[in-house]
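Below you'll find the structure, written out as structure tokens, and then a few comments.
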Amino acid sequence: MLVYSSGLDLSTSALRLLRRELTARRRRIGTRWRRLACGRQALMALAHLRCGHTFAQLAAGFGVGLATAHRYVTEAVGVLAVLAPTLRQAMAVAARKAFVILDGTLLPIDRIADDRPFYSGKHRKHGMNVQVLTDPFGKLIWASPALAGAVHDIQAARTYGLLDALSTGGIRCWADKAYQGSGPSVRVPFRGRWNKLSAGKKAVNRAHAKIRALGEQAMATLKSWRLLRKLRCSTTRITDLVKAVLALELTASA
């Protein structure tokens, strides 16, 4: 396999964070020697997340075995996933905002047609449903664990207690029509055909759409990590991958 030098469009703060956490983990478990130093292991994991490089490509580029590359990246992802905020921590942040924006996204996965639980009829593809909470400026606050793509957005939000947490905290939330019936805390646009809505309802829906459009920035931020554009790993790993990306994004924006 040919090997060439490349670059990552990431801040050095991401590398420093992961290197620090990996160093602490090695000290905690008493690791004496590794083929790669913590900084190189961190760089390998970031290349996997940001660029979507396969383990075979990473193994060739960093001069290690395929199994070693897999083990190093999995360890780094696990270290980052622990740093992602819990729902309780996210609600504490959301309570300080004027309002929050809730939306769901589908992370495409590589599955055959028989895997119906993972097939999203809305998007007409297989994937995993992730609920994302952002602030009024479209910055990430929280991302839910991944559920099968066939799960509806409102069901996914209820599964992890997000709607109950918003209601209990009295946090105002803007969301799309998929969240109809979520409760008084969640504001959704008026339903119905556009040509049959009154002028007042049309004005409300326009304003509502402008607010929700800011939440799309968060989706673009997630998809800027090219690994999440087409996942070819086990579905049990996707939650940790999303949490790892969330932890890195929150560190970069801090």
Side-chain angles (χ1 to χ4, degrees), residues 6 8-10 14 18 41-62 66-85 102-134 140-153 155-157 159-160 162 178 215-252:
S6 184
L8 287 176
D9 54 339
L10 290 174
L18 185 49
Q41 182 183 355
L43 187 61
M44 175 188 287
L46 292 176
H48 178 66
L49 292 171
R50 190 67 175 181
C51 301
H53 293 326
T54 65
F55 294 121
Q57 291 171 323
L58 294 172
F62 285 84
L66 182 61
T68 301
H70 185 281
R71 186 172 65 253
Y72 279 8
V73 171
T74 301
E75 180 184 39
V77 168
V79 165
L80 287 172
V82 175
L83 302 179
L102 171 62
D103 202 357
T105 187
L106 188 81
L107 302 180
I109 60 174
D110 187 16
R111 286 295 180 273
I112 60 175
D114 290 337
D115 292 330
R116 300 304 298 178
F118 299 98
Y119 184 79
S120 170
K122 175 183 176 181
H123 298 276
R124 298 184 179 181
K125 63 176 68 174
H126 293 82
M128 300 294 286
N129 184 310
V130 175
Q131 299 296 299
V132 178
L133 205 63
T134 69
L140 287 164
I141 295 178
W142 180 76
S144 74
L147 289 174
V151 178
H152 194 273
D153 281 339
Q155 182 182 348
T159 297
Y160 292 107
L162 175 56
E216 294 299 327
Q217 297 178 15
M219 303 306 176
T221 297
L222 284 178
K223 298 298 176 67
S224 68
W225 297 80
R226 285 180 281 280
L227 182 68
L228 299 183
R229 297 179 187 176
K230 184 68 172 181
L231 291 155
R232 293 178 173 83
C233 61
S234 168
T235 55
T236 59
R237 294 186 57 229
I238 295 177
T239 292
D240 278 353
L241 290 172
V242 173
K243 288 184 176 181
V245 169
L246 177 62
L248 290 169
E249 283 294 337
L250 292 178
T251 299

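Fair warning: this is a prediction, and the values are worked out from it, not measured in the lab.
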Rounded to the nearest 0.5 Å, what's the gap from [atom1] on [X] to [atom2] on [Y]? Could you check?
X: His152; Y: Asn129; atom1: NE2; atom2: CG; value: 9.5 Å
X: Leu227; Y: Trp225; atom1: CG; atom2: CH2; value: 10.0 Å
X: Gln57; Y: Phe62; atom1: CD; atom2: CZ; value: 11.5 Å
X: Leu147; Y: Phe118; atom1: CG; atom2: CZ; value: 10.0 Å
X: Thr235; Y: Leu107; atom1: OG1; atom2: CG; value: 12.0 Å
X: Arg50; Y: Asp9; atom1: CZ; atom2: CG; value: 4.0 Å

Minimum-distance pair of heavy atoms, taken over all atoms of Leu58 and Ala47 | CD2-CB, 4.0 Å

Non-hydrogen atoms of Met219 and Thr105 that approach each other most closely =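 In terms of heavy atoms, the two residues are closest at SD-CB, 3.6 Å.
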
For side-chain contact (heavy atoms from CB on, under 4.5 Å), just list the numbers for Glu249 and Thr221, CA-CA rounded to whole Å, side-chain angles, deciding distance to a tenth of an Å, and then say yes or no.
-> CA-CA 8 Å; Glu249 283 294 337; Thr221 297; 3.3 Å; yes

Other residues, nucleotides, ligands: >12 heavy atoms within 6.0 Å of Lys125 NZ |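 Atom NZ in Lys125 is not packed in, count stays at 12 or less.
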
Determine, step by step, whether Val130 and Leu228 satisfy the side-chain contact (heavy atoms from CB on, under 4.5 Å) criterion, reporting the C-alpha distance in whole Å, the side-chain angles of both residues, the deciding distance to 0.1 Å, and the verdict.
-> CA-CA 11 Å; Val130 175; Leu228 299 183; over 6 Å; no

Would you say the side-chain atoms of Asp103 pair up with the backbone N or O of Gly215, donor to acceptor, closer than 3.5 Å?
-> no

Would you say the side-chain atoms of Gln41 pair up with the backbone N or O of Tyr72, donor to acceptor, closer than 3.5 Å?
->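 Checking the backbone N and O of Tyr72 against the side chain of Gln41, a donor-acceptor pair under 3.5 Å is found.
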
Mind checking whether His48 and Phe55 have parallel, tilted or perpendicular rings, split at 30° and 60°?
-> parallel

Does the side chain of [Y] come within less than 4.5 Å of [X]'s, by heavy atoms?
X: Lys122; Y: Leu106; answer: no
X: Pro85; Y: Leu250; answer: yes
X: Leu43; Y: Leu8; answer: yes

List the atom pairs, with distances to 0.1 Å, where a side-chain N or O of residues 236-248 and a protein N or O form a donor-acceptor pair under 3.5 Å, not counting sequence neighbours.
unit_1	atom_1	unit_2	atom_2	d
Thr236	OG1	Ser234	OG	2.8
Thr239	OG1	Ala146	N	3.0

Would you check, one step at a time, whether the test side-chain contact (heavy atoms from CB on, under 4.5 Å) holds for Leu140 with Leu222?
-> CA-CA 9 Å; Leu140 287 164; Leu222 284 178; 4.2 Å; yes

Counterpart residues, side chain to side chain contact (heavy atoms under 4.5 Å, CB included), relative to Gln217 (two or more places apart) | Leu214

